[in-house]
Amino acid sequence: MGSSTSKAVTGLLCTLTISCPVPISTATVSATRSFQPLPFSSSDRWIVDAKGNNVPVVGINWPGAADTMLPEGLGYQSIANIVQWLTDTGFNTVRLTFAIEMVDDILDNGGDVTLSDTLTQALGPANGTIILADILTNNPEFTANTTRLQVFDAVAAGLAAQNIYVHLDNHVSKAMWCCSLTDGNSWFGDTYFDTDKWIRGLSYMATHGKANWQTFSSMGLRNELRPALTGAPNLQPYTWSTWKTYMTAAASAIYSVNPEVLIYFSGLESDFNIEPAVGGSTLLDPGFSFDVASYEWAHKLVFEMHEYDENISSSCPIYEAILESFGADATTRTTGNRGPLVISEWGHDETDASDAWQSAYTECLTQFMTDRQLGWMLWVLAGSYYIRSGTQDYDETYGLLDHTWSDYRGVNSSAAIKQLVESTYAAYGQ
Ligand SMILES: *[C@@H]1O[C@H](CO)[C@@H](O)[C@H](O)[C@H]1NC(C)=O
Ligand SMILES: *[C@@H]1O[C@H](CO)[C@@H](O)[C@H](O)[C@H]1NC(C)=O
Ligand SMILES: *[C@@H]1O[C@H](CO)[C@@H](O)[C@H](O)[C@H]1NC(C)=O
Ligand SMILES: *[C@@H]1O[C@H](CO)[C@@H](O)[C@H](O)[C@H]1NC(C)=O
């Protein structure tokens with residue numbers, strides 16, 4: 001990362017606004033790492049930059065898809081502070097999540113919604129007013145009338161100022177904490193998962209990001225597809241054939257308006273299983289076949305998987321064999337759809353007392369990722385959420401940051417993440 005240049009840019013912005021970044025950590029990033037130029041493509045098993053050099057994806061999730069439809073944390077910190085902290089830790093990518101409902105509001109329901117209105121709707125008038133005041137104090141470039149998408153734009157600009165890539169993830173259709181089998185967001189045709197609006201929303205954001213976000217690198221089609229238990233009347237069969245119908249249509253829609261961004265494909269079973277897509281067929285759905293090379297966006301496809309602690313990792317070789325059987329062999333296989341793989345969510349309790357960085361799960365998974373030179377995105381940046389599942393100011397123990405987004409949640413945790421960041425770059429010779 002071109003840290004000295006980007007810090008100069010940030011410093012300039014800082015003199016123009018009141019929200020000057022105050023570095024939270026004293027760690028520094030490698031001086032030899034340089035910004036890798038966009039657009040990215042996939043080439044064999046690698047993500048490559050515009051010059052053809054391999055790109056490590058060293059990322060973290062920044063949620064923005066829950067009830068307020070705003071990137072989290074802004075009641076506690078400025079965007080610049082949060083981004084400075086990302087830079088100091090060494091991340092080069094943020095997986096920024098959004099809800100299709102935000103686009104539906106823009107296109108169908110009278111236009112984009114203001115900070116004032118979205119906070120009042122999600123938190124109620126009393127708390128909505130308090131959190132609005134907090135956001136405006138920390139981020140004085142906003143007003144009560146700044147809209148949700150303008151806040152996304154400001155986050156994207158803050159990330160670009162520090163050379164951090166924006167990976168935009170469609171997390172849900174109806175904005176809420178994700179994911180259950182009964183939340184109506186699970187599967188194509190579920191209560192809130194209108195497939196036409198989903199594709200329209202992806203196209204809208206692909207277009208918007210292309211025009212407005214300088215470091216827009218990639219998009220994830222949908223978070224954690226899973227069976228739906230809602231009995232929604234339009235629910236499509238839970239099969240890989242259904243998956244292919246909609247995922248390829250969405251990828252083509254994105255590619256037609258934005259042929260630059262990478263397109264991440266997740267699988268079924270809450271992103272645990274991508275094997276049929278990687279292997280190209282499946283015994284469970286004999287009519288299904290998937291040949292990536294036959295699509296015009298073949299050079300943009302990246303596979304993604306989520307790996308949380310499923311209590312299957314007491315032995316690393318066995319754990320790796322299980323992951324591979326579900327498609328984590330995408331980068332090493334010689335048949336089917338060999339391609340890049342990013343572990344776009346993984347994580348655990350970040351409090352030191354949990355000792356989770358020492359768990360078999362974390363040790364086996366991080367070893368697997370660095371050995372295979374896989375990209376990854378930790379869940380999660382958030383110390384706390386505006387609201388999660390009805391609880392306001394919800395504390396996130398999986399957050400790398402503490403409740404007020406002002407320091408690392410754990411001392412040992414901060415050392416461990418920095419070590420993993422460095423190991424990942426080192427595996428790429430950076
Ligand atoms: C307002 O937020 C606080 C947490 O900051 C919460 O305890 C309280 O229940 C919220 N009030 C309402 C009316 O939701
Ligand atoms: C927000 O918009 C309303 C209505 O358009 C206007 O009356 C008000 O002055 C605006 N407030 C700010 C802070 O810009
Ligand atoms: C994890 O698996 C082991 C055996 O494989 C079992 O004894 C243990 O109860 C499981 N733990 C949890 C939390 O499920
Ligand atoms: C942090 O790590 C040190 C060194 O490994 C260890 O002695 C200490 O117990 C850890 N602290 C916590 C709270 O886990």
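Residues: numbered from 1 along the sequence shown. None of the values given here were measured: they were computed from a predicted structure.
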- Query: What's the verdict on salt bridge (charged side-chain N to carboxylate O under 4.0 Å, His left out) for K174 and D190, showing C-alpha distance, side-chain angles and the deciding distance?
  - Reply: CA-CA 11 Å; K174 182 176 174 55; D190 203 355; over 6 Å; no
- Item | Y394 and S384: CA distance, side-chain angles, deciding distance, side-chain contact (heavy atoms from CB on, under 4.5 Å) verdict | CA-CA 5 Å; Y394 186 104; S384 52; 5.9 Å; no
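- Aromatic rings from F193 and W187 are positioned such that their centres are separated by 6.0 Å or more.
- In summary, the aromatic rings of Y361 and Y308 are positioned with their centroids too far apart to meet the 6.0 Å limit.
- The aromatic ring centroids of Y255 and H299 lie less than 6.0 Å from each other.
- Using a 30° and 60° split on the angle between ring planes, W46 and Y428 fall in the perpendicular class, above 60°.
- We find that R200 and D194 are not joined by a salt bridge, their nearest charged nitrogen and carboxylate oxygen being 4.0 Å or further apart.
- A ring-centre distance under 6.0 Å is not found for W198 and Y246.
- Between Y76 and Y386, a ring centre-to-centre spacing not shorter than 6.0 Å is recorded.
- In this structure, the side chain of Y425 engages the main chain of G90 through a donor-acceptor pair within 3.5 Å.
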- Could you go step by step and tell me if L365 and W346 meet the side-chain contact (heavy atoms from CB on, under 4.5 Å) rule? CA-CA 9 Å; L365 179 61; W346 65 282; 3.6 Å; yes
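- Salt-bridge annotation for R148 and D117: absent, with no side-chain N of the basic residue lying under 4.0 Å from a carboxylate O of the acidic one.
- Side-chain contact between L221 and F265 is present, with at least one heavy-atom pair separated by less than 4.5 Å.
- Of the possible polar contacts, one joining the T215 side chain to the I164 backbone as a donor-acceptor pair under 3.5 Å is found.
- A distance of 6.0 Å or more separates the ring centres of Y398 and W379.
- Side-chain atoms of M369 and I343, non-hydrogen and from C-beta on, do get closer than 4.5 Å to each other.
- Neither side chain, T242 nor T245, offers a donor N or O lying under 3.5 Å from an acceptor on the other.
- Within the 4.5 Å cutoff, the side chain of L225 has heavy atoms near those of the M247 side chain.
- Using modelled atom types and a 3.5 Å distance limit, the side chains of N163 and R33 yield no donor-acceptor pair.
- Looking at heavy atoms from C-beta onward, W357 lies out of side-chain contact with Q419 at the 4.5 angstrom threshold.
- Side chains of S344 and H306: a donor on one and an acceptor on the other come within 3.5 Å.
- Two residues are said to be in side-chain contact when any heavy atoms from C-beta on lie closer than 4.5 Å; L262 and I47 meet this criterion.
- The aromatic rings of H167 and Y264 sit tilted, their planes meeting at an angle between 30° and 60°.
- Residues Q77 and S406 have side chains in contact (heavy-atom distance under 4.5 Å, counting atoms from C-beta outward).
- For the pair L400 and L381, the minimum side-chain heavy-atom distance is 4.5 Å or more.
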- Message: Set out, in order, the CA-CA distance, both residues' side-chain angles and the distance that settles ring-ring contact (aromatic ring centres under 6.0 Å, His included) for W243 and F290, then state yes or no.
- Response: CA-CA 10 Å; W243 174 92; F290 185 47; 5.3 Å; yes
- Task: Using the salt bridge (charged side-chain N to carboxylate O under 4.0 Å, His left out) rule, take R388 and E396 through it: C-alpha gap first, then chi angles, then the decisive distance, then the call.
- Result: CA-CA 9 Å; R388 168 173 158 177; E396 174 57 279; 3.1 Å; yes
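- Taking the side chain as every heavy atom from C-beta outward, T230 and Y192 never approach each other to under 4.5 Å.
- Salt bridge R409/D402: absent, no basic N to carboxylate O contact under 4.0 Å.
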- Task: Please step through side-chain contact (heavy atoms from CB on, under 4.5 Å) for the pair T97 and N223, ending with a clear verdict.
- Result: CA-CA 9 Å; T97 74; N223 183 66; over 6 Å; no
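- For the pair E101 and K197, the salt-bridge criterion is not met [side-chain N within less than 4.0 Å of a carboxylate O].
- Here the CG-CZ distance, from N170 to F98, works out to 4.5 Å after rounding to the nearest 0.5 Å.
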- Message: For W297 and S252: C-alpha separation, side-chain torsions, deciding distance, then whether side-chain hydrogen bond (donor to acceptor under 3.5 Å, both in side chains) applies.
- Response: CA-CA 7 Å; W297 36 258; S252 295; 2.9 Å; yes
